[in-house]
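Below: the structure, in structure tokens.
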Amino acid sequence: MFGERKTVVQNIQEFFVKPPDPKELVRKWQSDIRKEQRNLEKQIRDNSRLEKVAQKQIREAAKRNDMASAKTLAKELVHTRRMTTRLWTNKAHMMSMNSQLTEQLGMVKVAGTLKQSTQVMKVVNDLIKVPELNQTMQQMSKEMMKAGLIEETMGEMMDDVFDTDDIEEDADAEVDKVLTEIAGESLEQMAAAPKSKAAPARAVAPTQEDEAADAEAEDLQARLNAIRS
């Protein structure tokens with residue numbers, strides 16, 4: 001009896017509680033998407049600056065015949081480029097979902113309700129696997145399921161894109177390609193130079209420009225490490 005009365009009370013409460021406006025829900029989701037897109041764009045810009053610094057340092061290391069440092073920097077550059085590719089892919093997914101939501105907004109204005117979308121659900125499933133976006137997409141997917149836009153999501157967290165085993169599988173080929181691309185001329189000169197006439201490398205005092213570039217690289221690297229963790 002008590003259980004029945006509780007159900008009746010719940011039904012009365014649900015009757016008087018105003019359901020969320022579908023148009024407001026869509027606008028909220030689009031606002032969340034734009035915010036995440038700005039975060040992705042900032043990471044892409046940081047990666048671009050870090051890549052330029054790494055390229056400069058690789059060329060300098062190759063000129064000093066410091067191939068150990070050049071190779072370490074090339075590995076970091078491979079990491080950065082892979083991450084940038086992943087960021088661009090995520091941004092494309094978010095732009096696709098934003099476009100789908102704009103179409104939903106048009107349907108709401110005509111029909112007054114949201115229409116279930118397999119396309120939106122596919123993009124949500126893709127983005128919910130991304131560690132950096134998981135929290136936002138989990139919350140958004142719950143709201144979309146409640147609104148009837150998508151069914152239950154099935155995505156799982158994606159393995160870390162920077163997994164060491166995955167990187168090491170083809171690291172040598174990628175690193176060699178990066179070294180040839182950036183320091184190919186220096187490498188050719190080193191190979192052609194007679195070893196008996198090779199002069200010992202002289203230490204060069206770092207300039208203020210070099211120190212500033214190193215400081216910027218360290219700052220950007222710290223940000224990337226924070227994103228990876």
Side-chain angles (χ1 to χ4, degrees), residues 36-96 126-127 129-134 157-204 206-207 209-229:
E36 292 298 339
Q37 278 185 286
R38 287 193 293 271
N39 290 336
L40 293 176
E41 288 164 359
K42 182 179 182 301
Q43 292 175 39
I44 290 170
R45 289 194 300 270
D46 286 347
N47 280 7
S48 178
R49 290 200 299 271
L50 184 61
E51 182 172 340
K52 289 177 181 177
V53 172
Q55 288 174 344
K56 180 174 181 288
Q57 292 177 337
I58 289 170
R59 283 191 290 268
E60 291 173 349
K63 288 178 181 178
R64 297 193 308 268
N65 196 16
D66 184 2
M67 294 314 298
S69 296
K71 198 161 188 175
T72 299
L73 289 163
K75 283 186 178 182
E76 282 298 320
L77 188 53
V78 169
H79 281 279
T80 302
R81 286 180 173 178
R82 287 189 175 190
M83 183 180 181
T84 301
T85 299
R86 172 84 170 278
L87 291 171
W88 279 113
T89 300
N90 293 339
K91 183 181 177 183
H93 284 323
M94 301 205 87
M95 291 175 65
S96 173
D126 287 335
L127 291 174
K129 301 172 186 176
V130 181
E132 299 90 345
L133 302 174
N134 181 262
M157 289 285 285
M158 187 177 291
D159 292 336
D160 188 355
V161 72
F162 296 102
D163 182 78
T164 303
D165 293 336
D166 179 54
I167 289 289
E168 291 302 326
E169 285 182 4
D170 53 352
D172 289 341
E174 288 197 60
V175 168
D176 289 343
K177 184 178 178 181
V178 166
L179 287 172
T180 303
E181 170 195 338
I182 298 171
E185 186 176 345
S186 296
L187 294 174
E188 288 175 3
Q189 290 174 354
M190 286 163 50
K195 292 184 179 181
S196 59
K197 295 182 181 180
R202 290 185 295 178
V204 178
T207 64
E209 182 182 352
D210 291 336
E211 290 177 351
D214 290 342
E216 181 183 15
E218 289 176 5
D219 179 58
L220 291 172
Q221 189 64 55
R223 291 188 207 173
L224 288 176
N225 291 338
I227 293 169
R228 294 174 189 174
S229 59

For the residue pair [X] and [Y], what are the closest heavy atoms and their distance?
{"X": "S69", "Y": "A61", "result": "CB-CB, 4.2 Å"}
{"X": "V175", "Y": "A74", "result": "CG1-CB, 3.7 Å"}
{"X": "M94", "Y": "L40", "result": "SD-CD1, 3.9 Å"}

Q | Chi angles and distances behind the side-chain contact (heavy atoms from CB on, under 4.5 Å) call for R81, V178 | A | CA-CA 11 Å; R81 286 180 173 178; V178 166; 3.8 Å; yes

Q | Min side-chain heavy-atom separation V78-R82 under 4.5 Å | A |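 Heavy-atom side-chain distance check passes, below 4.5 Å.
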
Q.
When you compare the side chain of V130 with that of R86, does any pair of heavy atoms fall below 4.5 Å?
A.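 Sidechains of V130 and R86: in contact.
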
[X] [atom1] to [Y] [atom2] distance, which is reported to the nearest 0.5 Å:
{"X": "T80", "Y": "E51", "atom1": "OG1", "atom2": "CD", "answer": "7.0 Å"}
{"X": "M67", "Y": "L73", "atom1": "CE", "atom2": "CG", "answer": "10.5 Å"}
{"X": "L77", "Y": "I58", "atom1": "CG", "atom2": "CD1", "answer": "5.0 Å"}
{"X": "K42", "Y": "N47", "atom1": "NZ", "atom2": "CG", "answer": "10.5 Å"}
{"X": "K129", "Y": "N90", "atom1": "NZ", "atom2": "CG", "answer": "11.5 Å"}
{"X": "D126", "Y": "L133", "atom1": "CG", "atom2": "CG", "answer": "11.5 Å"}

Q: Dump the intermediate steps for side-chain contact (heavy atoms from CB on, under 4.5 Å) on K56 and K52, then the final yes or no.
A: CA-CA 6 Å; K56 180 174 181 288; K52 289 177 181 177; over 6 Å; no

Q | Any residue meeting side-chain contact (heavy atoms from CB on, under 4.5 Å) with T72, in chain and number order, not counting sequence neighbours | A |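 In terms of side-chain contact (heavy atoms from CB on, under 4.5 Å), with neighbours along the sequence ignored, T72 is linked to no residue.
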
Q: Please name the residue in the list Q37, E36, E41 that meets the side-chain hydrogen bond (donor to acceptor under 3.5 Å, both in side chains) test with K91.
A: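 Single side-chain hydrogen bond (donor to acceptor under 3.5 Å, both in side chains) partner of K91 among Q37, E36, E41: E41.
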
(Q) Donor-acceptor pair, distance only, cut-off 3.5 Å: does the side chain of S96 make one with the backbone of A92? (A)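 Checked: no pair found.
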
**Q.** Main-chain N/O of I44 paired to S48 side chain as donor or acceptor, under 3.5 Å
**A.**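 No: the side chain of S48 does not pair with the backbone of I44.
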
(Q) Between E181 and K177 (salt bridge meaning N to carboxylate O under 4.0 Å), is one present in this structure? (A)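 Judged by the 4.0 Å cut-off on N to carboxylate O distance, E181 and K177 do not form a salt bridge.
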
